[in-house]
Engineer: 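Quick one: structure below, then a few questions.
Whatever order the structure lists ligands and atoms in, that order sets their numbers, starting from 1.
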Amino acid sequence: MTTAPAPPAWRVVEPPRADSLDAPDAWTYHGVAAVERAVALADLGHDDFAPPAVDVLVSDRHQEHARRHRLVAVEDPGDGGTPRVVGHGVLMLPVRDNRHLAVARVAVLPSHRRRGIGGALADRLRRVALTEGRTTLFAEVEFATEPAAGAPDAMVPREGDGLVSADLPGMRFARRAGLGLEIVACRSVLDLPLPDGVAERFAAEAAARAGDAYRVHTWSDGVPEEWLVQYAALEQRLTEDEPNGGLDLEVERWDAERVRTEQVKLAEAGKTLLVTVAEHVATGTLVATTELIDSHDRPELTEQESTVVLPEHRGHRLGMLVKAVNLREHARLRPEARRVSTWNNETNGPMLAINVALGFRPAGGSAELQAPLDQVRPLAR
Ligand SMILES: CC(C)(COP(=O)(O)OP(=O)(O)OC[C@H]1O[C@@H](n2cnc3c(N)ncnc32)[C@H](O)[C@@H]1OP(=O)(O)O)[C@@H](O)C(=O)NCCC(=O)NCCS
């Protein structure tokens with residue numbers, strides 16, 4: 001007599017939504033954060049960039065600019081208790097722009113890999129993306145170190161510099177699904193505090209080059225209402241100008257409302273924003289901006305976000321000026337911070353040069369992958 005194969009010990013479900021981290025259904029958010037933390041510790045050796053539960057909650061709560069379709073793979077404890085999340089998948093679907101895109105993230109606990117969980121999650125996300133009429137799939141695989149040039153596993157992106165190991169589980173998985181490697185984005189980290197006087201010196205040198213035509217403003221309590229429209233224009237500009245290789249990306253549409261939403265999300269996630277902008281005095285126009293984000297939960301960590309200088313105002317050291325002034329103010333306001341991390345894609349030479357001059361050192365990165373959705377292959381066994 002043959003016995004039927006045992007059903008898998010896990011199942012994929014659409015999790016309930018909860019309004020707070022204390023709600024009974026908030027196990028999803030805690031579970032997703034625990035998976036991401038375990039994956040980061042195993043694959044990257046640290047959890048600096050793993051989203052805490054509150055980030056997961058806030059991204060589900062605010063879907064004004066991107067809807068989220070979330071799945072979790074769970075094991076049931078058998079006593080009717082809370083399911084244990086062993087893997088998760090999320091599809092991000094932009095709403096205002098890039099409506100052809102579906103951005104997927106799948107992660108599985110290291111202890112539960114190679115059992116088909118990631119494939120089951122990815123296949124369901126792929127079907128959702130198709131049903132939603134999306135045509136391009138994006139995914140990202142993070143890594144701790146680049147392979148050496150010429151190493152047998154080193155994979156070269158279609159555009160730009162940077163290498164990624166083709167043997168990473170995420171790369172094997174994504175390639176098996178038919179995704180191609182477009183660009184490699186690199187992360188860099190700046191250790192804090194900076195030696196005495198460094199931020200001041202860079203700020204002074206850059207200010208001398210920029211001259212009186214520009215003045216800087218630093219905001220530690222959100223972008224003032226009267227600057228929101230111009231600030232939104234700079235955010236949009238960043239998405240126009242950032243070199244993205246062959247990634248099938250449209251310009252993002254930013255307006256004052258979108259900036260407000262982002263600021264509400266940061267506040268709800270217990271984060272603070274420090275912004276320095278440069279104003280062109282003669283026209284009252286904002287021409288450069290940079291942002292640092294701090295989190296109450298991890299005061300030792302700071303994230304360097306969007307930096308942009310309008311093309312017609314480049315060549316006056318405004319990128320360095322706003323960054324150095326922001327770091328100087330940050331040292332005063334957040335003396336407990338120990339490192340700043342940032343992203344650059346490897347094709348963005350000018351921004352890398354500023355970061356290197358400030359003392360940022362390479363700290364891994366991510367492979368940016370894409371495929372036309374109708375060419376993505378199912379993974380389930
Ligand atoms: C990538 C990841 C989600 C895969 O999860 P998983 O549950 O192990 O995936 P599956 O068991 O469904 O694997 C599906 C197929 O992918 C390929 N694959 C996955 N991991 C692999 C590995 N370590 N080595 C070789 N192939 C691998 C295989 O072809 C596998 O099929 P097979 O086991 O029948 O050979 C998991 O390794 C992970 O969480 N990595 C970190 C996060 C990440 O990089 N995510 C991918 C980008 S969204």
Side-chain angles (χ1 to χ4, degrees), residues 5 7-13 31-51 55-56 59 66 68-75 84-93 101-129 134 136-147 152-155 157 162-185 187 247 343 364-371 373 376-381:
W10 48 272
R11 64 198 167 91
V12 172
V13 294
V32 169
V35 168
E36 286 291 357
R37 180 162 186 272
V39 165
L41 288 173
D43 293 354
L44 305 176
H46 62 80
D47 67 348
D48 278 8
F49 314 131
D55 284 21
V56 187
S59 67
R68 278 184 170 65
H69 192 91
R70 196 174 287 290
L71 297 170
V72 287
V74 294
E75 279 178 346
R84 176 179 181 227
V85 179
V86 296
H88 84 99
V90 60
L91 200 63
M92 206 263 289
L93 302 162
L101 264 192
V103 183
R105 165 76 182 163
V106 177
V108 175
L109 285 180
S111 55
H112 284 66
R113 291 183 185 167
R114 300 306 292 272
R115 302 185 195 176
I117 298 176
L121 288 162
D123 288 353
R124 275 188 56 173
L125 294 181
R126 179 181 139 272
R127 285 198 294 275
V128 171
R134 305 290 159 137
T136 301
L137 185 72
F138 274 12
E140 195 171 89
V141 175
E142 289 193 67
F143 58 85
T145 44
E146 273 190 28
D153 62 327
M155 224 180 135
L163 299 168
V164 60
S165 166
D167 289 340
L168 293 174
M171 289 301 290
R172 295 261 189 153
F173 181 78
R175 286 165 60 222
R176 161 104 191 264
L179 276 72
L181 175 61
E182 293 299 329
I183 56 171
V184 171
R187 228 185 235 283
L247 287 174
W343 281 109
S366 72
E368 307 291 322
L369 301 127
Q370 81 175 2
L373 200 57
V376 175
R377 292 189 287 268
L379 286 165
R381 296 146 186 219

Engineer: Show the distances, to 0.1 Å, for all pairs joining an N/O atom of ligand 1 and a protein N/O atom that are shorter than 3.5 Å, listing one pair per line.
Structural biologist:
from	atom 1	to	atom 2	distance (Å)
ligand 1	7 (O)	G118	N	2.8
ligand 1	8 (O)	R114	N	2.8
ligand 1	11 (O)	R114	N	3.4
ligand 1	11 (O)	R115	N	3.3
ligand 1	11 (O)	G116	N	2.9
ligand 1	12 (O)	G119	N	2.6
ligand 1	24 (N)	R114	NH1	3.1
ligand 1	29 (O)	R176	NH1	2.8
ligand 1	31 (O)	R176	NH1	2.8
ligand 1	33 (O)	R114	NE	3.0
ligand 1	33 (O)	R114	NH2	3.3
ligand 1	33 (O)	R381	NH2	2.9
ligand 1	35 (O)	R114	NH2	3.0
ligand 1	37 (O)	R113	NE	3.3
ligand 1	39 (O)	V108	N	2.8
ligand 1	39 (O)	V108	O	3.4
ligand 1	39 (O)	R113	NH2	3.4
ligand 1	45 (N)	V106	O	2.8

Engineer: Measuring only between side-chain heavy atoms, which start at C-beta, is R377 closer than 4.5 Å to R176?
Structural biologist: no
Engineer: Would you say that V39 contacts L109 through its side chain, given a criterion of any heavy-atom pair below 4.5 Å between the two side chains?
Structural biologist: no
Engineer: Evaluate the side-chain proximity of L247 to E368: yes if any heavy-atom separation is below 4.5 Å, no if none is.
Structural biologist: yes
Engineer: Just one of L369, D153, L179 clears the side-chain contact (heavy atoms from CB on, under 4.5 Å) bar with M171, so which one?
Structural biologist: L369
Engineer: I want to check something: taking the side chain as every heavy atom from C-beta on, are L379 and F173 in contact at a cut-off of under 4.5 Å?
Structural biologist: yes
Engineer: Within the structure provided, determine whether P378 and R126 are in side-chain contact (heavy-atom separation under 4.5 Å).
Structural biologist: yes
